[in-house]
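Here the structure is a predicted model, which is why all the values come from computation and not from measurement.
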Amino acid sequence: STATRTGTRTQTYTPTATETPTPTATCISGLGWNVSSPVLISSQSGGDIWLSRTVPTDSGWGIFWLRTDPDATTMARLYYAHVDFGGNITVAPMLLTSIAKIPFRGHYYMVTWNAGHYALLTAESAYLYYQTVSLTGAISQRHVVGPSLFVDPQYDEEADGDVYPYPGGFMAVVEGEC
């Protein structure tokens, strides 16, 4: 048999802000979940924000993002903040490092969490650097790792890849075409 649905949908314009209730759902098993209200982590006037990444930690989530600031348009600045499981900002947004911007580069950083700290790889000009970052944002000295990267647009967007945690440390996979 076939069923036909009929009805009219209407949209209502509300010129004033209204409180939106917290969305909730109940699963078949009886477990429930809800989505909290959004939390503003950072804002800026001018520039661009791109390549954001959320990394699970033992106590919440580390949030990383790149941005260009109006006063430093040739730099990709890497920022960090931490939010706990309750949605509270436990580490306010902070600048970790500034990376020279290469227009054709697709990846500027890779990050993961393991054993109480982040592993951070940054692609800066022709080099790949490794640093550790604590939950509070303390960053170690950087060390050059791997072969040099390409800095010519004919070689694709080098430094694409990722860094992964494993019980003894970290492993990075970086791809580049030549």
Quiz prompt | Cluster link Ile139 to Tyr118, ILVMFWY, side chain under 4.5 Å | solution = yes

Practice problem: Taking the side chain as every heavy atom from C-beta outward, state whether Asn114 and Tyr166 have any atom pair closer than 4.5 Å. | Solution: no

Exercise. Using atom types as modelled and distance alone, determine if a side-chain donor or acceptor of Asp84 lies under 3.5 Å from a backbone N or O of Gly86.
Key: yes

Practice problem: Just do the side-chain contact (heavy atoms from CB on, under 4.5 Å) check on Val144 and Tyr129 with the steps written out, would you? | Solution: CA-CA 5 Å; Val144 175; Tyr129 292 98; 3.4 Å; yes

Quiz item: Given the rule in the side-chain contact (heavy atoms from CB on, under 4.5 Å) test, do Thr112 and Tyr164 qualify, once you have shown the distances and angles that lead to the verdict?
Solution: CA-CA 6 Å; Thr112 192; Tyr164 302 95; 5.8 Å; no

Quiz item: Where is the tightest heavy-atom contact between Pro93 and Ser42, given as atom of each residue plus distance?
Solution: CG-CB, 4.0 Å

Exercise. Mind telling me whether Tyr80 and Phe64 have parallel, tilted or perpendicular rings, with 30° and 60° as the class edges?
Key: tilted

Quiz item: Is any side-chain heavy atom of Leu78 closer than 4.5 Å to a side-chain heavy atom of Val111?
Solution: no

Quiz item: His117 vs Phe170 aromatic rings, parallel, tilted or perpendicular, using cut-offs 30° and 60°?
Solution: perpendicular

Quiz item: Are Leu66 and Leu95 connected, step by step, through hydrophobic side chains (Ile, Leu, Val, Met, Phe, Trp, Tyr) whose heavy atoms are closer than 4.5 Å?
Solution: no

Quiz item: Between Met94 and Val91, which heavy-atom pair has the shortest distance, and what is it?
Solution: CE-CG1, 3.6 Å

Self-check item: Val39 and Val83, any side-chain heavy atoms less than 4.5 Å apart
Solution: no

Quiz prompt | Separation between CG of Leu96 and OG1 of Thr122, rounded to the nearest 0.5 Å | solution = 10.0 Å

Practice problem: Give a yes or no on whether Ile49 and Tyr108 share a hydrophobic cluster (residues Ile, Leu, Val, Met, Phe, Trp, Tyr; joining criterion: side-chain heavy atoms under 4.5 Å apart). | Solution: no

Quiz item: What is the distance from atom CZ of Phe85 to atom OG1 of Thr57, rounded to the nearest 0.5 Å?
Solution: 5.5 Å

Self-check item: Shortest non-hydrogen separation from Tyr130 to Val145 and the atoms involved
Solution: CB-CG1, 3.8 Å

Self-check item: Exercise: identify the closest heavy-atom pair between Ala81 and Ile41
Solution: CB-CG2, 3.8 Å

Exercise. Locate the shortest heavy-atom distance separating Met110 from Val163; write the atom from each residue and the value.
Key: C-CG1, 3.8 Å

Quiz item: Looking at residues at least two apart in the chain, or sitting in another chain, which of them share a side chain to side chain donor-acceptor pair (under 3.5 Å) with Trp113?
Solution: Asp58

Quiz item: Looking at CZ of Arg142 and CG of Leu120, how far apart are the two atoms once the value is rounded to the nearest 0.5 Å?
Solution: 10.5 Å

Quiz item: Is Ile102 reachable from Ile99 through a run of hydrophobic residues whose side-chain heavy atoms are each under 4.5 Å from the next?
Solution: yes

Practice problem: Compare every heavy atom of Leu135 with every heavy atom of Ser59, then report the nearest pair and how far apart it is. | Solution: OG-CD2, 3.8 Å

Practice problem: Would you give the length of the straight line joining atom OG1 of Thr68 to atom CZ of Arg77, rounded to the nearest 0.5 angstrom? | Solution: 9.5 Å

Quiz item: What distance separates His143 NE2 from Leu121 CG, expressed to the nearest 0.5 Å?
Solution: 12.0 Å

Exercise. Output the distance between atom CG (Asp162) and atom NE2 (His107), rounded to the nearest 0.5 Å.
Key: 6.5 Å

